[in-house]
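Here's the structure, in structure tokens; my notes come after.
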Amino acid sequence: MRYLAAATLLAFAMGTAAASAAETIRIFANSAHQDAFTGRPGATEGNLQVAFEKETGIKVVWDTVPWPQMRQNFQRAMASSSSGAYDVVMVINDWATEDTLAKLLPLESLSPAIDDKDDIFKPMRDMFTLKGQLVGLPIRSNPQIVHYNKAIFAEKGIAEPRSFAELMDAALKVAGKRADGANVYGFGIKVAADDDMTLVFKAFGGDVLTKDYRVLINSPQNAATLQKMKQLYDGGGLAPNFATTDTVATQNLMREGLLGFVLFGDNYYNRFNDPRSSRVAGQVGFFPIPGAPGAAGPAKVAFWAVALPANGPAANRAAAWRFTQYYSSKAAQVQMAINGNGPARRSTLENERFKADAPYAAASAVALANAVEIFPAFDGTPQVQAVVAEETVLAITGRKPIAEALKTAETRITAIVAEKRPAR
């Protein structure tokens, strides 16, 4: 009933042109959200904020918070005791717990209507849907794709893999020494820093923890996957210190030509091919993460949505929705992509202006269409991720039998779920 009343009030306010009554709206965000909207500092073109404020008379004030403090500040702002803090909030998918989604207003009955909702990739919309109600509009994405060293693949006679199993075979073929004696590894996996291991499980048909909190890590599929990973490690396809190699170190290995391939966000293509920082500039290609033979595989996609907090100032809701609808619109999303934003709309990825600077756009579209939730968003997610990292590393390096590692992981994750899962 609270949602219905809020939606009715907002629709009425829009119908009576009350948006202009709110001169200022306040937005909780990261600087990346503001930069995408305003364009590069000093640029005379691409500043959507200037256009929006001129068109609507609504002034936009950004409260940009550094990433390490964002979640804590967000939770404080969404608490009922913080009523009136923000008119609009940016929410990353990792925060999209049921409790958080319940604190956002439903959007689909508001006016003006969402600009072609179905143009936003469905897996992303689904993660911001609560009881059939869309409460957040995805507006920024970072989908993982495969970045690979074309020169190494060509030297080893490796064609683009058509399945994840072929990708793992390629990683083993890549292993060896470069002409200068440096060790080259196949797969730059980020076990602890980015939880690539759970994605590998999913690519081979397994899983760890489902959306309804079923613990599936101890399965024959996952045991077979760990056996493949152990063979890869034993054959030099993984770096000896892969368990402690963070994202920065993995990027550096790729730029130095010491990796066959990595799973990274799509726009890392530009970084890996930047001659100012990469030894292999011009030699790094890309393709979507493969799955079963001939099919696309699951992709990890970090993404943000724009939303209206239920505890936002009621007088400003019409203006807040006007901004939200504008920010998520097709036209704005194209310009924001040109400004450096990761697209959340299919039409943006198909836009010729965007594709001119992003040759990987088609691979990104495949990734967004096959986005998966690595873990359900809940308070125990970091602990589950840590268990997966610890137990799989022990199995891959041979310090614990695979069956024992999976059984231990099952027991530990079951305990975390029992303690941390949301109450129904």
Side-chain angles (χ1 to χ4, degrees), residues 10 13-14 16-67 70 73 77 84-92 107 110-117 119-120 136-142 267 270 303-309 312-313 315-345 347-358 361:
L10 184 50
M14 288 304 303
T16 56
S20 59
E23 296 182 354
T24 301
I25 58 172
R26 188 177 175 204
I27 301 172
F28 174 88
N30 183 267
S31 60
H33 303 114
Q34 180 180 7
D35 292 345
F37 198 59
T38 60
R40 295 182 298 275
T44 57
E45 297 181 358
N47 191 325
L48 294 170
Q49 181 160 330
V50 169
F52 174 78
E53 292 181 343
K54 183 177 180 180
E55 176 184 327
T56 65
I58 300 167
K59 181 176 174 58
V60 178
V61 175
W62 296 86
D63 188 353
T64 58
V65 181
W67 170 248
M70 279 200 78
N73 288 19
Y86 294 105
D87 301 292
V88 177
V89 292
M90 303 294 178
V91 191
I92 197 167
L107 303 176
L110 306 186
S111 179
I114 298 167
D115 187 3
D116 194 1
K117 177 196 70 175
D119 186 45
I120 302 172
L137 291 175
I139 43 80
R140 178 181 176 87
S141 73
N142 183 27
N267 59 12
N270 296 320
F303 68 93
W304 292 84
V306 58
L308 302 180
N316 291 359
R317 282 180 181 157
W321 174 243
R322 187 82 176 269
F323 171 84
T324 300
Q325 199 269 354
Y326 186 98
Y327 194 92
S328 65
S329 67
K330 285 185 177 181
Q333 285 284 297
V334 168
Q335 182 58 58
M336 288 165 64
I338 301 302
N339 292 347
N341 193 56
R345 287 182 171 273
S347 59
T348 307
L349 291 164
E350 295 171 351
N351 183 274
E352 294 302 323
R353 288 180 64 202
F354 176 71
K355 289 196 295 185
D357 293 326

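Not measured: the values here are computed from a predicted model. Counting from 1, the numbers follow the sequence of the chain as shown.
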Of all heavy-atom pairs between Trp304 and Met90, which one has the smallest distance, and what is that distance? CZ3-O, 3.6 Å

Before you tell me yes or no, could you show the steps for Ile27 and Phe323 under side-chain contact (heavy atoms from CB on, under 4.5 Å), namely the whole-Å CA-CA distance, both residues' side-chain angles and the distance that decides it to 0.1 Å? CA-CA 10 Å; Ile27 301 172; Phe323 171 84; 3.3 Å; yes

Nearest-0.5 Å distance, CD of residue Glu53 to CG of residue Asn47: 8.5 Å

So, does Asn341 use its side chain to make a donor-acceptor pair with the main chain of Ala36 at under 3.5 Å? no

Which atom names give the shortest non-hydrogen contact between Ala361 and Lys355, and what distance separates them? CB-CG, 3.8 Å

So how far is it from Asn267 CG to Asp357 CG, rounded to the nearest 0.5 Å? 12.0 Å

Looking only at atom types and distance, does a side-chain atom of Asp115 sit under 3.5 Å from a main-chain N or O of Lys330, one as donor and one as acceptor? yes

Using the ring of each side chain (for Trp, its six-membered ring), is Phe28 parallel, tilted or perpendicular to Tyr86, with breaks at 30° and 60°? perpendicular

Would you check if the side chain of Gln49 reaches a backbone N or O of Val60 as a donor-acceptor pair within less than 3.5 Å? yes

Heavy-atom side-chain proximity of Asn73 to Met70 below 4.5 angstrom: no

Start with the C-alpha gap between Trp67 and Ile92, add the side-chain angles, then the distance that decides, and say whether side-chain contact (heavy atoms from CB on, under 4.5 Å) holds. CA-CA 11 Å; Trp67 170 248; Ile92 197 167; 4.0 Å; yes

Provide the closest heavy-atom pair for Ala337 versus Thr348 in the form atom of the first, atom of the second, distance. CB-CG2, 3.6 Å

CG (Asn339) and OG1 (Thr38) are apart, to the nearest 0.5 Å, by 7.5 Å

What distance separates Ile139 CD1 from Thr324 OG1, expressed to the nearest 0.5 Å? 10.0 Å

Do any N or O atoms from the side chain of Asn142 and from the backbone of Gly342 form a donor-acceptor pair under 3.5 angstrom? no

Measure the CG-CH2 distance between Asp35 and Trp62 for me, rounded to the nearest 0.5 Å. 9.0 Å

Do Ile58 and Phe52 pass the side-chain contact (heavy atoms from CB on, under 4.5 Å) test, and can you show the C-alpha distance, the side-chain angles, and the key distance before you say yes or no? CA-CA 8 Å; Ile58 300 167; Phe52 174 78; 4.0 Å; yes

Which pair of heavy atoms, one from Asp119 and one from Ser347, lies closest together, and at what distance? OD2-OG, 2.5 Å

Is any side-chain heavy atom of Leu308 closer than 4.5 Å to one of Leu110? yes

Quick one: does Thr64's side chain have a donor or acceptor within less than 3.5 Å of a partner on Ala29's backbone? no

Can you name the closest pair of heavy atoms from Arg26 and Asp63 and give their distance? NH2-OD2, 2.9 Å

Please give me the minimum heavy-atom distance between Ala344 and Pro138, naming the atom from each residue. CB-O, 3.5 Å

For the backbone of Lys59 and the side chain of Glu23, can you confirm whether one donor and one acceptor N or O come within less than 3.5 Å of each other? no

I'd like to check Leu137 versus Tyr327 (side-chain heavy atoms, cut-off strictly below 4.5 Å). Are they in contact? no

Ignoring hydrogens and geometry, is there a side-chain-to-backbone donor-acceptor pair from Asn30 to Val65 under 3.5 Å? yes

Kindly say whether Val334 contributes a backbone atom to a donor-acceptor pair with the side chain of Arg345 at under 3.5 angstrom? no

Any side-chain heavy atom of Trp321 sitting closer than 4.5 Å to one from Leu107? yes

